[in-house]
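Reading through the structure tokens given below for one structure.
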Amino acid sequence: MAAPVKVTVTGAAGQIGYALLFRIASGQLLGADVPVKLSLLEIPQAVKAAEGTAMELDDCAFPLLSGIEITDDPNVAFAGANVALLVGAMPRKAGMERGDLLGANGGIFGPQGKAINDHAADDIRVLVVGNPANTNALIAQQNAPDVPAERFTAMTRLDHNRALSQLAAKLQVPVTEIRNMTIWGNHSATQYPDLFHAEVGGKVAAEQVDPEWLRETFIPTVAKRGAAIIEARGASSAASAANAAIDHVHDWVNGTDWTSAAIPSDGSYGVPEGIISSFPVRSVGGRWEIIQGLEIDAFSRERIDASVAELIEERDAVRELGLI
Ligand code: NAD
Ligand code: LMR
């Protein structure tokens with residue numbers, strides 16, 4: 001069997017961690033023939049809980065799981081890591097401003113970026129899940145100057161999957177009938193789920209739904225789904241977020257023809273270079289590529305620009321805080 005791939009998961013004792021680790025260990029992240037070594041990074045107070053999760057992982061006797069390491073030291077957790085899933089983050093609390101959250105998370109993602117820079121394997125791929133995911137990914141990336149910038153990505157695959165599911169339910173088709181769905185921009189309420197390039201049965205999805213439904217129901221339902229889950233569950237999405245993280249990394253490594261991921265902009269579609277924004281992407285040879293040549297009408301332009309403006313504001317805020 002091949003040498004194990006080291007997968008580091010931060011926030012391993014949290015809700016998403018609990019939904020994620022067993023699927024990684026079972027082979028769903030990288031493939032049914034790829035052995036994995038898990039590294040669980042937690043804050044000191046949560047190391048014991050991570051040890052409990054590791055005991056349960058042991059109890060599954062997963063054939064592909066070649067070892068588990070648990071630590072509160074990022075330099076250890078990321079040493080030789082091939083894949084890093086940055087899940088652990090501080091959620092916003094009552095009375096906190098956006099700047100406070102960005103600042104608090106800068107304290108997490110800056111040092112983690114540096115530890116990745118100094119210790120990870122040459123082929124490291126990073127997916128940031130912890131919110132605000134796009135800007136946390138930017139902070140980590142800017143603290144890892146020796147790692148190719150494109151290796152830092154943020155998760156909008158959950159938004160993508162939500163969009164597929166909402167559209168499939170509306171048109172009463174299986175999700176497998178839908179092609180070319182795209183989420184543009186930030187993983188936030190400003191994101192733009194685009195039905196003008198999505199196709200169902202070979203025809204443009206936007207032409208198969210009522211424009212008012214698209215504008216007043218579809219877009220806000222997808223964009224505010226995270227808040228709706230929190231309201232219903234009393235906690236933020238966990239299993240669906242873990243599922244999306246699995247989808248993102250699986251497709252990055254193994255290839256896919258069209259999905260959504262937040263990756264560093266190369267200036268495509270008027271998104272300023274360097275911003276980590278969601279695009280229509282394909283993965284070829286283990287690299288994300290932005291799908292080019294799409295026509296963007298005024299309706300879509302306005303929404304993409306609004307979400308990108310928010311990303312620029314976030315970037316400027318973390319710049320002002322000296323985090324990048
Ligand atoms: P959680 O509170 O259950 O778990 C977070 C874990 O991170 C905790 O165990 C905590 O101890 C740990 N942690 C905090 N700081 C850390 C650090 N410096 N190093 C290592 N671990 C650290 O939260 P959760 O429900 O698992 O969610 C995690 C994050 O994912 C949140 O920011 C949430 O908003 C975000 N999220 C993103 C998406 C998305 O689509 N991008 C979806 C769902 C949730
Ligand atoms: C989600 O989209 O479910 C998460 O980002 C949680 C949130 O705060 O919306």
Side-chain angles (χ1 to χ4, degrees), residues 8-21 39-54 69-78 84-93 96 98 101-116 126-137 139-140 143 153-163 165 183 185-191 193 220-249 260-262 276-278:
T8 302
V9 178
T10 76
Q15 304 192 80
I16 295 176
Y18 196 71
L20 184 59
L21 292 166
S39 181
L40 315 186
L41 179 67
E42 260 297 349
I43 53 174
Q45 310 86 288
V47 162
K48 187 149 190 279
E51 285 168 358
T53 305
E69 152 188 282
I70 304 158
T71 180
D72 60 6
D73 182 349
N75 295 321
V76 172
F78 294 115
L85 298 167
L86 308 190
V87 179
M90 179 187 285
R92 193 181 339 198
K93 301 194 182 79
M96 279 179 86
R98 179 181 291 273
L101 184 61
L102 291 169
N105 283 322
I108 296 175
F109 290 88
Q112 289 183 0
K114 184 166 187 335
I116 288 169
V126 182
L127 170 64
V128 177
V129 175
N131 281 320
N134 301 52
T135 299
N136 288 339
I139 295 170
N143 282 275
T153 66
M155 191 166 93
T156 52
R157 186 61 173 263
L158 177 54
D159 311 293
H160 178 99
N161 289 343
R162 287 167 171 166
S165 167
I183 304 294
N186 200 1
H187 172 66
S188 77
T190 68
Q191 67 179 263
T221 299
V222 173
K224 295 181 188 165
R225 186 72 165 181
I229 301 280
I230 292 170
E231 169 72 22
R233 239 170 63 82
S236 66
S237 61
S240 56
N243 179 68
I246 297 273
D247 285 350
H248 177 115
V249 174
S260 304
I276 299 187
S277 181
S278 190

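Read the numbers this way: they start at 1 and go in the same order the structure lists the ligands and their atoms.
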Next item on the list: Could you tell me whether Leu158 approaches ligand 1 through its side chain, its backbone, both or neither, with non-hydrogen atoms closer than 4.0 Å?
Entry: side chain
Checklist line | Atom pair CD1/CG of Ile276 and Asn134 - distance to nearest 0.5 Å | finding: 7.5 Å
Note to self: If the cut-off is 4.0 Å to any non-hydrogen atom of Ile108, which atoms of ligand 1 fall inside it?
What the structure shows: 15 (N), 18 (N)
Next item on the list: List the steps and the verdict of side chain to side chain contact (heavy atoms under 4.5 Å, CB included) for Ser165 and Arg225.
Entry: CA-CA 12 Å; Ser165 167; Arg225 186 72 165 181; over 6 Å; no
Check: Side chain or backbone of Val129 under 4.0 Å from ligand 1, or both, or neither, by non-hydrogen atoms?
Finding: both
Check: Just going by heavy-atom distances, which of Gly226, Gly14, Ala245 is nearest to atom 4 (O) of ligand 1?
Finding: Gly14
Next item on the list: Check ligand 1 against Ala13 and write out every atom of the ligand that is under 4.0 Å from a heavy-atom position of the residue.
Entry: 9 (O)
Note to self: Does either side chain, that of Asn136 or that of Asn131, offer a donor lying less than 3.5 Å from an acceptor on the other one?
What the structure shows: no
Notebook entry, point to check: Considering only heavy atoms, does Ser236 approach ligand 1 within less than 4.0 Å through its side chain, its backbone, both, or neither?
Noted result: side chain
Next item on the list: Please confirm whether Asp159 comes within less than 3.5 Å of ligand 1 when only nitrogen or oxygen atoms on both sides are compared.
Entry: no
Margin query: Run the side chain to side chain contact (heavy atoms under 4.5 Å, CB included) test on Ile43 and Asp72 for me, step by step, so that the C-alpha distance in whole Å, both residues' side-chain angles and the decisive distance to 0.1 Å come before the verdict.
Written below: CA-CA 5 Å; Ile43 53 174; Asp72 60 6; over 6 Å; no
Margin query: Using 0.5 Å steps for rounding, measure from the CG atom of Asn161 to the CD1 atom of Ile183.
Written below: 9.0 Å
Next item on the list: Drop me the distance from Asn143's CG to Phe109's CZ, to the nearest 0.5 angstrom.
Entry: 11.5 Å
Next item on the list: Kindly give the heavy-atom pair with the smallest separation between Thr156 and His187, and that separation in Å.
Entry: CG2-CB, 4.1 Å
Next item on the list: Number the atoms of ligand 1 from 1 as they appear, then name those within less than 4.0 Å of a heavy atom of Val87, with their elements.
Entry: 28 (C), 29 (C), 30 (O)
Notebook entry, point to check: Hey, does Glu69 have a side-chain heavy atom less than 4.5 Å from the side chain of Val76?
Noted result: yes
Next item on the list: Might you list the protein residues in contact with ligand 2, defined as having a heavy atom under 4.0 Å from one of its atoms, sorted by chain and number?
Entry: Asn131, Arg162, His187, Gly226, Ile230, Ser236, Ser237
Next item on the list: Heavy-atom contacts with Ala241 under 4.0 Å: which atoms of ligand 1 show up? List them by number with element.
Entry: 42 (C), 43 (C)
Next item on the list: Check Arg157 against ligand 1 and report side chain, backbone, both or neither, counting heavy atoms closer than 4.0 Å.
Entry: neither
Margin query: Looking only at distances, can you tell me whether any N or O atom of Val128, backbone or side chain, sits closer than 3.5 Å to an N or O atom of ligand 1?
Written below: no
Checklist line | Closest candidate by heavy atom, reference atom 12 (C) of ligand 1, pool Glu42, Gln112, Gln15 | finding: Glu42
Checklist line | Close approach, Ala238 and ligand 1, non-hydrogen under 4.0 angstrom | finding: no
Margin query: Within this structure, what is the OG1-CG distance for the pair Thr135 and Asn186, rounded to the nearest 0.5 Å?
Written below: 6.0 Å
Check: Can you find an N/O atom of Ile16 closer than 3.5 Å to an N/O atom of ligand 1?
Finding: yes
Next item on the list: Could you tell me whether the side chain of Ile16 reaches within less than 4.5 Å of the side chain of Val129, counting heavy atoms only?
Entry: yes
Check: Between atom OG of Ser39 and atom CG of Asp73, what is the distance when rounded to the nearest 0.5 Å?
Finding: 10.0 Å
Item checked: Numbered atoms of ligand 1 (with element) below 4.0 Å of Gly11, judged on heavy atoms -> 6 (C), 7 (O), 12 (C), 20 (C), 21 (N)
Checklist line | Rounded distance [0.5 Å steps], CG in Asp159 versus OG in Ser260 | finding: 8.0 Å
Note to self: Contact between Ile229 and Ser236 at the side-chain level, heavy atoms closer than 4.5 Å - yes or no?
What the structure shows: no
